[in-house]
Every structure is written in structure tokens, then in C-alpha cells.
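A, B, ... follow the sequence lines: proteins, then strands. Residue 1 opens every chain.
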There are 2 protein chains.
Amino acid sequence: MTNEFLTPAEMAAACSVSVDTLRYYEREGLLDDIARTSGGQRQYSSNDVAWVQVLRCLRATAMPIREMRAFAELVREGEAALADRLDLLANHRKRIVDQVAVLHDALELVDHKIEAYTAVLAGTPKVENAGQTRNPTLDGKGIRAS
Amino acid sequence: MTNEFLTPAEMAAACSVSVDTLRYYEREGLLDDIARTSGGQRQYSSNDVAWVQVLRCLRATAMPIREMRAFAELVREGEAALADRLDLLANHRKRIVDQVAVLHDALELVDHKIEAYTAVLAGTPKVENAGQTRNPTLDGKGIRAS
DNA sequence: CCTTGACCCGAAGTGCACTCCAGGTTGTTA
DNA sequence: TAACAACCTGGAGTGCACTTCGGGTCAAGG
């Protein structure tokens with residue numbers, strides 16, 4: 001008979017992390033008060049699932065573990081720490097926006113190169129010195145590049 | 001009297017990396033044939049600057065060093081490896097696009113939380129159980145959350 | 001009861017991308 | 001020519017986020 005709790009293996013699957021990572025997060029103070037069976041085995045609730053998913057979202061956007069711990073602690077403190085949590089998330093929001101800008105720039109560079117490569121491969125390079133093997137715009141190494 | 005070359009310190013500044021990182025990249029096979037003075041000190045060219053900026057762009061979008069090395073090697077091989085380079089960059093392009101999607105999702109989550117926190121702080125929470133201290137949508141920890 | 005697989009724990013190990021160190025050389029400036 | 005910063009090298013060290021290990025415990029099926 002199944003109940004409302006998830007085993008470690010089920011939890012890991014639900015959050016797309018390893019069981020080890022779950023234990024690691026707990027050790028690091030990111031998770032607290034995980035329910036246990038009488039025998040001491042963990043029983044994760046749906047709240048735990050939601051929380052770990054939030055953590056994974058923060059990690060996926062490069063928030064360091066120690067900052068996630070700070071956030072977890074603020075959540076533990078309740079409403080009193082709401083302003084601090086807002087602050088932390090606002091800072092992180094800015095970092096996310098910065099990352100998007102970096103990715104956008106990179107995408108432009110990569111697309112530019114892909115276009116140039118494709119043109120050369122198709123035998124129709126767009127640049128003036130078309131037939132030559134030296135083309136600085138092609139890969140940023142200029143003189144020796146192809 | 002200045003010439004067309006940059007000293008290691010100037011190069012580091014021009015590429016926003018440390019001198020150590022420049023040497024590390026060279027050791028790792030990402031840079032080749034850096035010019036030297038008669039005394040053995042490095043002299044970076046503007047081509048080197050452009051190339052390192054490309055490398056930094058790839059790193060900033062999470063390309064591993066070993067893949068950057070593979071790319072550098074393909075560039076060394078010249079036109080013969082153009083198709084392979086195109087392949088590598090196309091793969092990386094996909095990863096960049098995936099990262100953008102992840103950031104976009106994260107931004108939604110963070111914005112949602114920021115909005116919820118702001119509403120509570122302003123005393124005008126949008127949710128039905130407005131006056132209570134338990135609000136699952138606020139931080140993903142439901143029961144114990146504020 | 002017995003096996004077997006999932007689970008428990010603290011601690012050690014891993015891979016990555018740098019970063020720092022020690023001891024010596026170069027090169028510019030006073 | 002003396003001082004001093006910037007440079008050179010190989011190698012060791014760092015911080016991060018996990019991941020693996022070893023030895024023991026728990027729980028469900030046969």
C-alpha cells in the first residue's frame with residue numbers, strides 16, 4: 001500500500017537528482033526536518049518535492065550552494081525575513097538577466113561563425129578574399145586560420 | 001616605445017582574464033605559438049586577443065575546456081576540419097538555446113516569488129488565505145513556510 | 001527465516017577550472 | 001648599476017558541487 005510519502009529513490013526521480021545529492025543538500029542545510037520511518041528511513045512529502053525543485057531551479061541558474069543555504073535559512077525564519085528573501089531573489093534575478101545577455105551575445109557570435117563556415121563549405125564565402133585560406137572573421141585566429 | 005604586441009598584463013586586461021588563466025589556457029592547448037621576445041617573454045598579437053575573446057565567450061556559455069581544446073585543434077587543422085568545426089559549434093549553439101530556456105523558466109519562477117513577497121510586504125497578498133502565515137505558493141515549502 | 005535490494009552514516013575521493021607558490025630571469029627606471 | 005616590478009617555469013593548492021566508499025541496518029518477497 002502506497003502512502004503520501006516518497007522513498008528516496010522516488011524523490012530522486014521526481015526531482016531529477018541523485019539520492020546522494022538529496023542527502024548532500026540535507027547535510028548542507030538546504031532541506032530540514034525530512035520525515036523518517038520508525039526505522040530511520042526518509043519519507044519525502046510533496047512539499048519537499050516542490051522545495052527541491054525550487055532549489056534545482058536556483059542551482060540551474062548558477063546560484064551557489066551557500067546562497068541557497070542562506071535562502072533556506074530565511075525561509076525557516078518565516079515572515080520576519082520576507083524582506084531579506086525579496087532582496088536575495090531580486091539580486092539573483094539580476095544575475096539571471098545578466099546571464100541571458102551573455103548567452104544572447106554568444107549566440108550571435110556562434111551564429112555568425114556557423115554562417116561563415118556554411119558559406120565556405122558551400123563554396124560561396126561572403127568575404128572579399130574568398131578564395132584564400134586566411135580569413136580573420138572566420139574563427140578569430142586570423143593569420144593562421146582557415 | 002610601444003609596438004604592435006601586448007605584454008601578458010596588457011593581454012590579461014584586454015581579455016578580462018588573469019595572467020595565470022592565459023598561461024593555463026596555453027598549457028591546455030587552447031593557444032598555440034604565442035610569440036616571445038629574445039628573453040623569452042610572451043608577446044600577444046591582436047589575433048591572440050580576438051581568439052581568447054572567442055574562447056571566453058565559449059567558456060561563458062559553459063563549454064568545457066576539453067571541448068574548447070578540440071575546437072582549437074580543429075582550427076589548427078585548417079579548412080579540412082571546417083565541417084567538424086561547424087558540427088561542434090552547431091552542438092554548442094543548441095546548448096546555448098537550451099540554457100536560455102532554463103533561464104527563462106527560472107526568471108518566471110523568481111518573478112512569481114518576487115511578486116508574491118512584494119504583495120505580502122505591501123499587506124495586499126493576492127491569495128485567498130491572505131491573512132494566514134501559511135502559503136504554499138510563496139516559497140515552495142508549503143506547510144512551514146511563511 | 002533468509003535473501004536481497006534499498007537505505008543509513010561519516011568520511012574520503014573526484015573532476016573541473018582555475019589560482020598560487022617558490023625560486024629564478026628580464027627589462028625598465030632612477 | 002642597482003633596484004624593482006613584471007615575467008618565467010613546474011608543480012602544488014583551492015573551492016565548488018557533487019560522488020563514491022565501506023560497513024552496517026531495514027523491509028518486502030519467497
Side-chain angles (χ1 to χ4, degrees), chain A residues 1-3 5-45 48 52-72 92 95 99 102, chain B residues 1-3 5-45 48 52-72 92 95 99 102:
Chain A
M1 173 187 163
T2 66
N3 63 16
F5 291 110
L6 281 73
T7 66
E10 287 163 349
M11 178 68 176
C15 302
S16 306
V17 297
S18 71
V19 174
D20 287 312
T21 297
L22 250 14
R23 292 201 329 100
Y24 166 67
Y25 280 5
E26 201 176 329
R27 273 203 307 283
E28 291 297 314
L30 271 35
L31 278 51
D32 43 36
D33 301 328
I34 300 298
R36 303 285 185 125
T37 65
S38 53
Q41 316 219 169
R42 290 174 181 79
Q43 296 188 287
Y44 295 95
S45 72
D48 295 330
V52 170
Q53 283 171 347
V54 169
L55 291 179
R56 290 308 291 177
C57 180
L58 296 177
R59 268 305 293 143
T61 50
M63 183 183 286
I65 295 289
R66 69 177 166 285
E67 191 167 339
M68 284 165 50
R69 176 167 42 236
F71 182 58
H92 189 59
R95 287 203 303 254
Q99 285 180 67
V102 167
Chain B
M1 173 186 166
T2 65
N3 63 16
F5 290 112
L6 281 71
T7 65
E10 288 164 348
M11 177 68 175
C15 302
S16 307
V17 297
S18 71
V19 175
D20 283 315
T21 297
L22 250 14
R23 294 203 327 100
Y24 166 68
Y25 280 6
E26 202 177 330
R27 274 204 306 282
E28 291 296 314
L30 270 37
L31 277 50
D32 42 38
D33 300 328
I34 299 299
R36 302 288 184 123
T37 65
S38 54
Q41 315 216 171
R42 290 176 181 78
Q43 297 189 285
Y44 295 94
S45 71
D48 295 331
V52 170
Q53 282 171 349
V54 169
L55 292 178
R56 290 308 291 178
C57 179
L58 296 177
R59 267 303 296 143
T61 50
M63 184 184 284
I65 295 290
R66 69 179 167 284
E67 191 167 339
M68 285 165 50
R69 176 167 42 236
F71 183 57
H92 189 59
R95 286 204 302 256
Q99 285 180 66
V102 167

To the nearest Å, how far apart are [X] [atom1] and [N] [atom2]?
X: A:Leu22; N: D:dA17; atom1: CG; atom2: C1'; answer: 15 Å
X: B:Leu55; N: C:dA17; atom1: CG; atom2: P; answer: 13 Å
X: A:Leu6; N: C:dC7; atom1: CG; atom2: C1'; answer: 15 Å
X: B:Leu58; N: C:dC18; atom1: CG; atom2: C1'; answer: 17 Å
X: A:Glu28; N: D:dA17; atom1: CD; atom2: C1'; answer: 9 Å
X: B:Met68; N: C:dC16; atom1: CE; atom2: P; answer: 14 Å
X: B:Arg66; N: C:dG15; atom1: CZ; atom2: P; answer: 11 Å
X: A:Met63; N: D:dC18; atom1: CE; atom2: P; answer: 14 Å

Can you list, pair by pair, the side-chain donor-acceptor contacts under 3.5 Å of residues 22-30 of chain A, counting residues two or more places apart and other chains?
unit_1	atom_1	unit_2	atom_2	d
A:Tyr25	OH	A:Arg56	NH1	2.6
A:Glu26	OE1	A:Arg42	NE	2.7
A:Glu28	OE1	A:Arg69	NH1	2.8

Quiz prompt | B:Gln99 side-chain N/O to B:Thr61 backbone N/O, donor-acceptor pair under 3.5 Å | solution =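 At least one qualifying donor-acceptor pair exists.
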Quiz item: Is B:Arg59 reaching over with its side chain to a backbone N or O of B:Met63, donor-acceptor style, under 3.5 angstrom?
Solution: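 Yes, the answer is positive, given that a donor and an acceptor are paired below the 3.5 Å cut-off.
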Practice problem: Identify which nucleotide among D:dC16, C:dT19, D:dA17 has an atom closest to any side-chain atom of B:Asp20, counting heavy atoms from C-beta outward. | Solution: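 Of all the options, the side chain of B:Asp20 is nearest to C:dT19.
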Self-check item: From C:dA17, D:dA17, C:dG27, nucleotide with atom closest to B:Thr37 side chain
Solution: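 The listed nucleotide nearest to B:Thr37's side chain is C:dG27.
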Exercise. Go through A:His92 and A:Leu58 one step at a time and tell me if the side chain to side chain contact (heavy atoms under 4.5 Å, CB included) criterion holds.
Key: CA-CA 9 Å; A:His92 189 59; A:Leu58 296 177; 3.9 Å; yes
Exercise. Examine D:dT19: is either OP1 or OP2 under 4.0 Å from a nitrogen or oxygen in the side chain of A:Ser18? Give yes or no.
Key: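 For A:Ser18, the contact criterion (side-chain N or O under 4.0 Å from OP1 or OP2 of D:dT19) is met.
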Self-check item: N or O in side chain of A:Tyr25 less than 4.0 angstrom from D:dA17 OP1/OP2
Solution: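 For D:dA17, OP1/OP2 do not have a side-chain N/O of A:Tyr25 under 4.0 Å.
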Self-check item: Of B:Ser38 and B:Arg59, the one whose closest DNA chain C nucleotide lies more 5'
Solution: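 The residue closer to the strand's 5' end, by nearest nucleotide, is B:Arg59.
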Practice problem: Produce a footprint string for nucleotides 4-11 of chain D: one letter per nucleotide, 5' end first; B if the base is under 4.0 Å from any protein heavy atom, S if only the sugar-phosphate is, - if neither. | Solution: ---SSBB-
Quiz prompt | Residues B:Glu67, B:Arg95: salt bridge by 4.0 Å N-O rule | solution =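 Yes, charged N to carboxylate O under 4.0 Å.
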Exercise. Apply side chain to side chain contact (heavy atoms under 4.5 Å, CB included) to B:Cys57 and B:Val54, showing your working.
Key: CA-CA 5 Å; B:Cys57 179; B:Val54 169; 5.6 Å; no
Quiz prompt | Check: B:Gln43 and B:Asp48 side chains under 4.5 Å, non-hydrogen atoms | solution =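 No, their side chains stay 4.5 Å or more apart.
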